[in-house]
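Here's the structure, in structure tokens; my notes come after.
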Amino acid sequence: MPIKNLLIYTLFFSFFYGAAQTDSLLVEKKEKQHLYNYNFKYELPITAVAAGVTLFNFTKIYSKDRVPDERVMRIDRNDVNRFDRGAAGNFDEDAEKISDMIFYGSVPVPLLVFGIDPKIRKDYLRVSLLYLQAMSFTGVVYSSSHQLNDRRRPYVYNTELDISERTRGASQNSFIAGHPALVGTATFFMAKVYADYHPDSAFKWVMYGLAGASTYATAHLRVKAGQHFPTDAIVGSVVGAASGFLVPYFHKNKLFKDPNLGLMPITGEYHGLSLSYTF
């Protein structure tokens with residue numbers, strides 16, 4: 001065997017044999033590790049800054065100047081892109097109230113679930129801080145988008161509404177949809193965390209189903225209420241769901257691997273590794 005190939009062969013099996021031994025040691029330490037990594041020194045300030053930016057943006061986006069009556073009187077729903085045009089002029093107070101109920105109900109639910117579930121409760125502070133981080137990141141994107149553009153809400157195109165309603169400063173906060181974004185963050189974060197702590201539970205798919213249904217329902221109701229166009233709701237939902245899922249995903253401790261995947265060293269007549277996956 002050429003020396004080059006022998007060296008590659010030796011390094012290859014030395015690496016994997018060492019990795020297998022390390023893996024067995026990690027398994028022993030696994031129970032002593034937190035499921036999620038969280039660097040308090042750096043991540044607390046980052047979360048605080050994100051929350052601060054969000055709060056600052058709120059003071060600006062909800063204090064925009066009123067739109068001149070003449071400008072609102074001249075708007076034409078045909079100027080709205082074809083995909084969103086059907087929502088121009090929507091206005092439904094009942095739909096708005098229901099969307100508010102889903103929103104105010106969804107945001108605190110993860111904190112309640114984390115406190116009730118015995119597996120998650122031992123890491124309650126860590127998980128709650130990650131939840132705050134996810135919500136703050138969504139808040140930055142949502143509030144900054146309103147700072148950077150003044151897209152009119154669909155109800156502004158409803159000529160049956162009083163002109164004072166259609167010219168409010170907050171009527172320019174259509175993109176992106178905040179309710180679906182924050183509901184998506186809350187529910188998908190909860191589903192992801194539950195799935196990570198209960199990887200073998202079939203109920204995790206129910207959690208993901210509820211997350212998708214509540215986010216979709218909120219988005220649909222906000223469009224029906226005339227608060228947002230479909231594109232506003234779609235982007236908001238994607239941003240929220242992504243933030244809720246990815247924050248715990250990227251913080252997950254690498255010691256906690258896929259429970260269906262197995263990598264074990266074998267010894268005897270031959271030495272090597274056994275790789276298995278359980279479906």
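Remember, it's a predicted structure, so these values are computed and weren't measured experimentally.
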## Note on the structure
Residue set satisfying ring pair (Phe, Tyr, Trp, His ring centres under 6.0 Å) with Phe91, at least two apart, ordered chain then number -> none
### Message
Once rounded to the nearest 0.5 Å, what's the spacing between atom CD1 of Ile61 and atom CG of Asn149?
### Response
10.5 Å
### Task
Would you check if the side chain of Ser243 reaches a backbone N or O of Val239 as a donor-acceptor pair within less than 3.5 Å?
no
#### Entry: From CA spacing to verdict: side chain to side chain contact (heavy atoms under 4.5 Å, CB included), Arg152, Arg71
CA-CA 12 Å; Arg152 300 182 181 93; Arg71 187 183 303 172; 3.6 Å; yes
### Message
Distance check, rounded to the nearest 0.5 Å: Asp92 atom CG versus Tyr155 atom OH?
### Response
14.5 Å
### Message
Walk me through whether Arg126 and Phe40 qualify under side chain to side chain contact (heavy atoms under 4.5 Å, CB included).
### Response
CA-CA 9 Å; Arg126 185 177 297 261; Phe40 288 85; 4.0 Å; yes
### Tyr249, OH: over 12 other non-hydrogen atoms inside 6.0 angstrom
no
### Task
Verify, without hydrogens or angle tests, whether Arg85 (side chain) and Val80 (backbone) share a donor-acceptor contact under 3.5 angstrom.
yes
### Query
In a check of ring-ring contact (aromatic ring centres under 6.0 Å, His included) between Tyr131 and each of Tyr38, Phe137, Phe189, which one passes?
Phe189
### Side-chain (Arg153) to main-chain (Ala170) donor-acceptor, under 3.5 angstrom
yes
#### Entry: Side chain Ser145, main chain Ile176, donor-acceptor under 3.5 Å
yes
### Query
Hey, which of Asp196, Asn253, Asp123 is the one that makes side-chain hydrogen bond (donor to acceptor under 3.5 Å, both in side chains) with Tyr36?
Asp196
#### Entry: side chain to side chain contact (heavy atoms under 4.5 Å, CB included) between His198 and Asp117, worked out
CA-CA 10 Å; His198 303 276; Asp117 189 287; 2.7 Å; yes
### Message
Let me confirm one number: the OG1-OH distance from Thr47 to Tyr42, rounded to the nearest 0.5 Å.
### Response
15.0 Å
### Query
Are the side chains of Thr159 and Arg166 in touch, meaning some heavy atoms are under 4.5 Å apart?
yes
### Message
If you apply the rule side chain to side chain contact (heavy atoms under 4.5 Å, CB included), what do you find for Arg151 with Thr231, and how did you get there?
### Response
CA-CA 12 Å; Arg151 190 182 194 189; Thr231 51; 3.0 Å; yes
### Message
Within this structure, what is the CG-CG distance for the pair Asn173 and Asp150, rounded to the nearest 0.5 Å?
### Response
7.5 Å
### Task
Only pairs at least two apart or in different chains count here, so list each side-chain hydrogen bond (donor to acceptor under 3.5 Å, both in side chains) that has a residue in residues 176-186.
Asp100-His179, Thr138-Thr185
### Query
NZ of Lys60: more than 12 outside heavy atoms within 6.0 angstrom?
no
### Message
Under the rule for ring pair (Phe, Tyr, Trp, His ring centres under 6.0 Å), what residues qualify as partners of Phe250, not counting sequence neighbours?
### Response
none
### Query
Hey, does the side chain of Asp84 reach the backbone of Asn81 with a donor-acceptor pair shorter than 3.5 angstrom?
no
### Query
Taking the side chain from Lys204 and the backbone from Pro199, do they hold a donor-acceptor pair closer than 3.5 Å?
yes
### Message
Over 60° means perpendicular and under 30° means parallel, so tell me whether Tyr208 and Trp205 are parallel, tilted or perpendicular.
### Response
tilted
### Query
Do the side chains of Tyr157 and Leu161 join up, straight or via other hydrophobic residues, at under 4.5 Å, putting them in one cluster?
yes
### Message
With a 4.5 Å cut-off on side-chain heavy atoms, are Arg74 and Glu70 touching?
### Response
yes
### Query
What orientation do His220 and Tyr216 show, parallel under 30°, tilted 30 to 60°, or perpendicular over 60°?
parallel
### Task
Mark yes or no for whether Thr54, through its side chain, and Val140, through its backbone, hold a donor-acceptor pair below 3.5 Å.
yes
### Task
Verify, without hydrogens or angle tests, whether Ser144 (side chain) and Val141 (backbone) share a donor-acceptor contact under 3.5 angstrom.
no
### Message
Determine whether a donor-acceptor pair (N or O, by modelled atom type, separation under 3.5 Å) exists between the side chain of Gln172 and the backbone of Asp65.
### Response
yes
### Task
Supply the atom-to-atom distance Asn90 CG to Lys224 NZ, rounded to the nearest 0.5 angstrom.
9.5 Å
### Spatial distance of atom OH (Tyr62) from atom OG (Ser143) [nearest 0.5 Å]
9.5 Å
### Task
May I ask you to decide if Ser164's main-chain N or O and Arg66's side chain share a donor-acceptor pair within less than 3.5 Å?
yes
#### Entry: Path from Phe203 to Met190 over hydrophobic side-chain contacts below 4.5 Å
yes
#### Entry: Cluster overlap Phe56 with Tyr142, hydrophobic side-chain contacts below 4.5 Å
no
